[in-house]
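Notes follow the structure.
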Protein chains: 2
Amino acid sequence: MARINLERRAKIGRERRARTRAQIVDAGALLLGEGAVSALTVDAVAEAAGVAKGTFYYHFQNMEELLEAVGEQVVESFEDAVTRARHELRDPIARLSFAFTQTLERAISDNGWARLVVQGSQYPLDFGRSTYANLKADIAEAIAEGSVTVQDPELAADIVAGIWLQVTRGILERVARPELTTQALEAALRALGACDPGARSLYQSCPPLG
Amino acid sequence: MARINLERRAKIGRERRARTRAQIVDAGALLLGEGAVSALTVDAVAEAAGVAKGTFYYHFQNMEELLEAVGEQVVESFEDAVTRARHELRDPIARLSFAFTQTLERAISDNGWARLVVQGSQYPLDFGRSTYANLKADIAEAIAEGSVTVQDPELAADIVAGIWLQVTRGILERVARPELTTQALEAALRALGACDPGARSLYQSCPPLG
DNA sequence: GATGATAAAGACTATATAGTCGTTTTGACT
DNA sequence: AGTCAAAACGACTATATAGTCTTTATCATC
């Protein structure tokens with residue numbers, strides 16, 4: 001009997017712990033999104049989370065560890081938006097296009113998230129790493145298929161990621177026009193020399209090679 | 001006579017002052033380029049400049065003022081590389097192309113400079129502002145000429161700047177292949193839907209509109 | 001070599017932040 | 001109600017950094 005009791009107790013404890021931890025991570029993400037890059041102190045995070053300083057250190061060894069946790073959360077938020085497409089869409093360019101516009105639209109409707117991602121892209125804190133890897137994989141597949149002109153997958157990924165990031169910065173500084181996401185995507189595909197499979201006839205971005 | 005003496009004296013003083021100031025700015029640029037974003041303290045700058053802390057405050061009111069000075073220096077370094085082109089090249093796309101490759105090549109050969117620029121692009125500390133304005137002006141001209149497909153000059157500037165920045169980040173992380181700058185430029189021009197005037201026949205990036 | 005004004009130096013204070021640690025609270029279980 | 005272990009608390013220390021202010025060095029001029 002004791003066994004069951006201890007297990008339940010431990011489980012409840014873990015749940016409470018997880019709630020508090022989540023509060024702290026959210027507070028960190030919030031502050032980071034507000035651009036408080038250098039003002040991101042343990043005290044500030046603890047206060048924003050409504051938690052004592054000791055509690056912060058009960059959950060994280062230091063700021064770096066919190067930032068890692070925030071980074072993981074951002075990566076997850078990226079992947080959530082895109083995972084379904086990953087299963088349903090066979091064409092790598094279609095996947096990439098879906099993810100590109102989907103995430104840009106999220107940036108428009110959730111500026112806090114956008115700020116967080118832009119901030120995160122600065123320190124190469126594995127933040128984007130995994131997202132970038134997915135992007136590169138899609139592109140490599142497209143290159144293998146011959147549906148893209150740029151031959152270097154790293155350059156191609158930089159091009160797409162660069163456009164995405166800078167357009168997102170623009171969204172944060174100006175107001176996004178409604179056609180923005182489409183136009184940005186078209187530009188990115190043209191840059192790659194890619195066939196947009198859904199609009200091949202419209203944009204003629206994929207003339208026969210050679 | 002007293003007048004001349006005082007003037008000379010003042011001039012000499014100003015020169016010594018300027019030398020020390022330049023040392024401090026250079027040290028700041030160096031540290032910033034090394035990615036010491038949060039470790040960029042007054043003490044660290046003073047030590048790197050081989051100067052006492054009091055001297056720092058004799059020249060700058062605070063860190064922010066130093067960063068402004070560093071920013072100005074970066075803007076100048078950008079413009080130095082590009083100013084000649086500005087006078088000699090009439091076609092806005094040619095100017096843009098020249099500046100794009102020129103600066104990318106500098107990033108390859110001077111990684112410290114590249115790191116500095118990338119860092120600087122993060123805080124929208126008027127750092128890029130003026131460079132960005134030039135870029136936008138060239139693009140606006142090209143749009144007016146009808147030699148570019150993208151119609152929104154802000155989006156177009158974001159696209160070019162985004163590619164440039166991310167490719168530069170790539171240069172810092174990987175090794176740059178020799179064809180990189182050309183390929184990056186071509187991608188940027190394709191993204192804009194631009195006629196590359198020097199290579200119109202090669203890349204066919206400017207089919208008749210409509 | 002003495003003078004005087006500018007430039008540089010560096011010890012000092014005040015403050016903010018990281019990280020620690022003993023104490024208190026919570027809440028499931030008896 | 002009482003127990004107990006996990007969780008949260010917050011005062012405390014140590015340290016690093018910003019910014020000040022008095023003292024010292026420099027150097028053209030006399």
Side-chain angles (χ1 to χ4, degrees), chain A residues 1-28 30-32 34-70 123 125, chain B residues 1-28 30-32 34-70 123 125:
Chain A
M1 316 295 121
R3 177 138 46 159
I4 290 176
N5 297 340
L6 288 180
E7 278 173 8
R8 259 201 74 185
R9 208 181 252 195
K11 188 187 166 200
I12 287 166
R14 257 181 277 131
E15 281 166 3
R16 181 148 76 116
R17 196 183 150 89
R19 263 200 312 280
T20 308
R21 193 189 134 102
Q23 276 176 39
I24 297 173
V25 173
D26 287 347
L30 190 73
L31 290 182
L32 209 64
E34 282 171 358
V37 191
S38 60
L40 194 72
T41 69
V42 174
D43 286 294
V45 170
E47 191 190 336
V51 135
K53 198 171 188 176
T55 306
F56 177 96
Y57 284 100
Y58 183 64
H59 288 273
F60 303 94
Q61 285 216 292
N62 48 37
M63 251 301 161
E64 200 184 323
E65 213 172 287
L66 172 63
L67 288 180
E68 274 170 33
V70 173
Y123 352 43
L125 247 183
Chain B
M1 317 298 117
R3 181 138 46 155
I4 291 176
N5 297 338
L6 289 179
E7 279 173 7
R8 260 200 76 184
R9 205 180 253 195
K11 188 187 167 198
I12 289 165
R14 258 180 277 133
E15 281 166 2
R16 181 150 74 118
R17 194 182 151 91
R19 264 200 310 280
T20 309
R21 192 189 135 102
Q23 278 176 38
I24 298 173
V25 174
D26 287 347
L30 190 74
L31 291 182
L32 210 63
E34 282 172 357
V37 193
S38 59
L40 193 72
T41 69
V42 173
D43 285 294
V45 170
E47 192 190 336
V51 134
K53 198 170 188 177
T55 305
F56 177 96
Y57 284 101
Y58 184 64
H59 288 273
F60 303 94
Q61 284 216 293
N62 47 40
M63 251 302 161
E64 200 184 322
E65 212 172 286
L66 172 64
L67 288 179
E68 274 170 31
V70 173
Y123 352 44
L125 248 183

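All values below were derived from every heavy atom in this structure, side-chain atoms included, with hydrogens, water molecules and symmetry-related copies excluded. Residue numbering restarts at 1 for every chain, and letters A, B, ... go by the order of the sequence lines.
The distance between atom CD of Q23(A) and atom C1' of dA7(D), rounded to the nearest whole Å, is 13 Å. Across the protein-nucleic acid pair, L66(B) atom CG and dG19(D) atom C1' stand 15 Å apart, rounded to whole Å. If you measure from atom CZ of R17(B) to atom P of dC27(D), you get 17 Å, rounded to the nearest angstrom. Computed from coordinates, the F56(B) CZ to dG10(C) C1' distance equals 16 Å when rounded to whole Å.
Distance CZ/R21(B) to CG/L66(B): 8.5 Å, rounded to 0.5 Å. Atom CG of L30(B) sits about 13.0 Å away from atom CD of Q23(B), to the nearest 0.5 Å. Interatomic distance, M63(A) CE to E68(A) CD, rounded to the nearest 0.5 Å: 12.5 Å.
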> Between F60(B) and V25(B), is a side chain to side chain contact (heavy atoms under 4.5 Å, CB included) present by the stated rule, with each step listed?
Replying inline: CA-CA 10 Å; F60(B) 303 94; V25(B) 174; 3.8 Å; yes
>> Before you tell me yes or no, could you show the steps for L67(B) and L32(B) under side chain to side chain contact (heavy atoms under 4.5 Å, CB included), namely the whole-Å CA-CA distance, both residues' side-chain angles and the distance that decides it to 0.1 Å?
In response: CA-CA 9 Å; L67(B) 288 179; L32(B) 210 63; 4.2 Å; yes
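In this structure, V45(B) and A27(B) approach most closely via the heavy-atom pair O-CB, 3.8 Å. Residues V51(A) and F56(A) come closest through the heavy atom pair CG1-N, 4.2 Å.
Applying the side-chain hydrogen bond (donor to acceptor under 3.5 Å, both in side chains) criterion to D26(A), with sequence neighbours excluded, gives Q73(A). The side-chain contact (heavy atoms from CB on, under 4.5 Å) search around A22(A) returns none, not counting sequence neighbours.
Heavy atoms of other residues, nucleotides or ligands lying less than 6.0 angstrom from CD of E65(B) number more than 12.
Consecutive Watson-Crick or G-U pairs involving DNA chain C, each under 3.5 Å on both distances, make up stems of three or more pairs at C:1-30 with D:1-30.
Checking the phosphate oxygens (OP1, OP2) of dA8(D), no side-chain nitrogen or oxygen of Y58(A) falls inside 4.0 Å. In terms of phosphate contacts, H59(A) brings a side-chain nitrogen or oxygen within less than 4.0 Å of OP1 or OP2 of dA8(D).
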Would you list the protein and nucleotides 22-26 of chain C atom pairs, both N or O, that sit under 3.5 Å from each other?
none

> When you check every protein heavy atom under 4.0 Å of nucleotides 12-21 of chain C, what one-letter string (B, S, -) results, 5' to 3'?
Replying inline: -----SBBB-
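Applying the side chain to side chain donor-acceptor pair (under 3.5 Å) test to residues at least two apart or on different chains, the pairs with a partner in residues 50-59 of chain B are D43(B)-K53(B).
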